[in-house]
Q: 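Just dropping this structure here.
Throughout, numbering of the chain's residues begins at 1 and tracks the sequence. Side chains are part of it too, since the values below use all heavy atoms of this structure and drop only hydrogens, waters and symmetry mates. For clarity, every value in this text was computed on a predicted model and none was experimentally measured.
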Amino acid sequence: MLNLDNPSVALAILPFCSTDSPPVGLAMLSAILRGRGHKVCALDLNLEARDAAPPELSYLWSGQQMMELVEPEPFQALLPRAEILVEFCIKRLLETGADVLGFSLFTTNVRFTAEVVRRMRQRRGAPVVIFGGPSCKVTGEREWAGPGLANAWVCGDGEDLLPAVLELDDEQAPPGVILGLDTNPAFSVEFGVAADLEAHPFPDYDDLAPERYDRRSSRGEPVLPLVSSRGCIMRCAFCNERSLEKRYRTRSADHIYAELAHLHGRYGPVAFRFNDQLLNGNLKVLSALADRIIEGG
């Protein structure tokens, strides 16, 4: 049991990931938690560290250096050179004063995130730490982090699961959540699935400042990510999407269009990039969305 009483929360993504667009997961969870009365800040320390990094380390954000980021021996060889980035992230996290730190884990940042949390615990003890994100669905990648770091693992859609963890009032974790600092990350778990993709507020990018990111439209506008569906209708042998998302789910055309209009009104002028695994998984929804965009000008 985490014994939390309306905690303040810092949601963070650490190096090394793409800096094309603001992280949609942090924006979605920020909006949900704020809507439930939590004090929340969203930190893209991946982008901040990239901007603060010495020139000789800038290649680590190129997307071409997987070996150094995911293989144990190359990563250990990298750490002395990346020391400045580790310390930068620790400092920024501690400055938040948050009761809970929530980290988004991706293949390319699991080892770095684990190193940052490990050092925080060794020095002065970290606040409550929650791991979420795609890598929490992959046993091997959870094992890269190891035990002793996370008070909770959120394995699946975070929209319902993260608030449930923060507001937990008994010993029973919801399906998709594994509690316990000493948990062996080789655990088996049934992924938590959001009951309704249209039940929550639209992403909140206020802390993330979309204009800071690299991708631009042909007209020079910042580009925001949009997730209109999850999963895929196909079963391709070379792809792991089916194992991570058991079934295909989509929002309605009206709901997707409402998000486009909301984000354009709040942060515009902006362009959008669909982050779906499969944009045309439901042709009726896609056609209806095209009609709504034309009607809306």
Side-chain angles (χ1 to χ4, degrees), residues 11 13 17-18 20-33 35 42 104-107 132-138 154-164 175-176 189-205 208 210 213 215 217 222-268 270-296:
L11 301 174
I13 183 170
C17 300
S18 169
D20 279 355
S21 302
V24 64
L26 264 59
M28 292 170 66
L29 294 174
S30 295
I32 291 167
L33 294 184
S104 294
L105 299 188
F106 295 84
T107 302
S135 287
C136 287
K137 292 184 174 183
V138 183
V154 173
C155 304
D157 297 338
E159 294 97 320
D160 299 327
L161 295 181
L162 181 57
V189 62
E190 186 69 28
F191 304 149
V193 177
D196 182 356
L197 295 182
E198 301 186 6
H200 301 291
F202 296 134
D204 182 342
Y205 291 100
L208 300 170
Y213 291 81
R215 186 185 291 271
S217 73
V223 177
L224 291 180
L226 187 81
V227 181
S228 66
S229 66
R230 298 186 190 178
C232 183
I233 62 174
M234 306 299 288
R235 296 179 179 271
C236 301
F238 58 81
C239 180
N240 69 348
E241 181 64 18
R242 178 63 70 159
S243 65
L244 298 180
E245 293 282 351
K246 301 301 183 185
R247 57 188 177 87
Y248 178 79
R249 296 169 288 155
T250 184
R251 293 192 277 148
S252 67
D254 284 346
H255 195 264
I256 300 166
Y257 179 78
E259 180 176 330
L260 289 168
H262 168 79
L263 294 176
H264 194 275
R266 188 173 183 87
Y267 303 106
V270 292
F272 297 93
R273 179 180 186 272
F274 282 80
N275 278 27
D276 301 48
Q277 295 294 331
L278 190 71
L279 179 58
N280 59 345
N282 186 314
L283 290 175
K284 289 183 179 179
V285 170
L286 182 59
S287 179
L289 176 61
D291 290 340
R292 292 289 285 114
I293 292 172
I294 293 169
E295 292 165 4

Q: Would you say that Leu26 contacts Tyr205 through its side chain, given a criterion of any heavy-atom pair below 4.5 Å between the two side chains?
A: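 No. Closest side-chain heavy atoms not under 4.5 Å.
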Q: Applying the side chain to side chain contact (heavy atoms under 4.5 Å, CB included) test to Leu226, which of Asp276, Leu260, Leu279 qualifies?
A: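 The passing option is Leu260.
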Q: Pro22 and side chain to side chain contact (heavy atoms under 4.5 Å, CB included): which single residue from Leu224, Ile13, Val223 fits?
A: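 Single pass found, and it is Leu224.
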Q: Could you grab the distance from atom SG of Cys155 to atom CG of Leu161, nearest 0.5 Å is fine?
A: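 Going from the SG atom of Cys155 to the CG atom of Leu161 covers 8.5 Å.
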Q: Which atom pair, heavy atoms only, marks the closest approach of Ala195 to Asp160?
A: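 Looks like N-OD2, 3.2 Å.
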Q: Please give me the minimum heavy-atom distance between Pro23 and Tyr213, naming the atom from each residue.
A: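 Answer, listing the atom of Pro23 first, then Tyr213: CD-OH, 3.7 Å.
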Q: At what distance, to the nearest 0.5 angstrom, does CG of Leu29 lie from CG of Asp204?
A: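 These two atoms lie 11.0 Å from each other.
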Q: Decide yes or no for Ser21 and Phe272: does some side-chain heavy atom of the first lie under 4.5 Å from some side-chain heavy atom of the second?
A: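 They are not in side-chain contact.
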Q: In terms of side-chain geometry, is the basic nitrogen of Arg273 or Asp20 positioned less than 4.0 Å from the acidic oxygen of its partner?
A: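 Looking at Arg273 and Asp20, the cut-off is not met.
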Q: How long is the gap from CG on Asn275 to CZ on Arg230, to the nearest 0.5 Å?
A: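 With rounding to 0.5 Å, CG (Asn275) is 11.5 Å from CZ (Arg230).
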Q: Please find the pair of heavy atoms, one from Pro201 and one from Ala31, that lie closest to each other, and give the distance.
A: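 Looking at all heavy atoms of both residues, the closest pair is CG-O, 3.6 Å.
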Q: Quick one: pull up CG in Asn280 and CD1 in Ile233 and give me the separation to the nearest 0.5 Å.
A: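 Here the interatomic distance stands at 7.0 Å.
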Q: Locate the shortest heavy-atom distance separating Gly156 from Phe191; write the atom from each residue and the value.
A: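 Heavy atoms only, the tightest pair is CA-CB, 4.3 Å.
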Q: Quick check: closest heavy atoms across Cys136 and Val154, and the distance to 0.1 Å?
A: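 The pair with the smallest heavy-atom distance is CB-O, 3.5 Å.
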Q: Would you say that Met28 contacts Glu159 through its side chain, given a criterion of any heavy-atom pair below 4.5 Å between the two side chains?
A: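 The answer is yes, as the side chains (C-beta and beyond) meet within the 4.5 Å cut-off.
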Q: Just so I know, are the side chains of Ser30 and Leu11 near enough to count as touching, which here means a heavy-atom distance under 4.5 Å?
A: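 Sidechains of Leu11 and Ser30: in contact.
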Q: Taking all non-hydrogen atoms of both residues, which atom of Pro203 and which atom of Leu263 are closest, and how far apart?
A: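 Pro203 and Leu263 have their closest heavy atoms at O-CD2, 3.7 Å.
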Q: Counting only N and O atoms by type, is there a donor-acceptor contact under 3.5 Å from the side chain of Arg292 to the main-chain atoms of His255?
A: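 Answer holds: no.
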Q: Can we call the ring centroids of His264 and Tyr257 under 6.0 Å apart?
A: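 Not under 6.0 Å, so no.
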Q: Hey, could you give me the CG/NE2 distance between Leu33 and His200, rounded to the nearest 0.5 Å?
A: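 Going from the CG atom of Leu33 to the NE2 atom of His200 covers 10.5 Å.
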Q: Verify the neighbour count for atom CD of Glu190: are there more than 12 heavy atoms of other residues, nucleotides or ligands below 6.0 Å?
A: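 Check fails, neighbour count at 12 or below.
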Q: Could you list the residues that satisfy side-chain contact (heavy atoms from CB on, under 4.5 Å) with Asn282, not counting sequence neighbours?
A: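 Once residues adjacent in sequence are excluded, the partners of Asn282 under the side-chain contact (heavy atoms from CB on, under 4.5 Å) criterion are Tyr248, Thr250, Lys284, Val285.
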Q: When rounded to the nearest 0.5 angstrom, what is the spacing between CD in Glu198 and CD in Glu259?
A: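 If we round to the nearest 0.5 Å, Glu198:CD and Glu259:CD are 10.5 Å apart.
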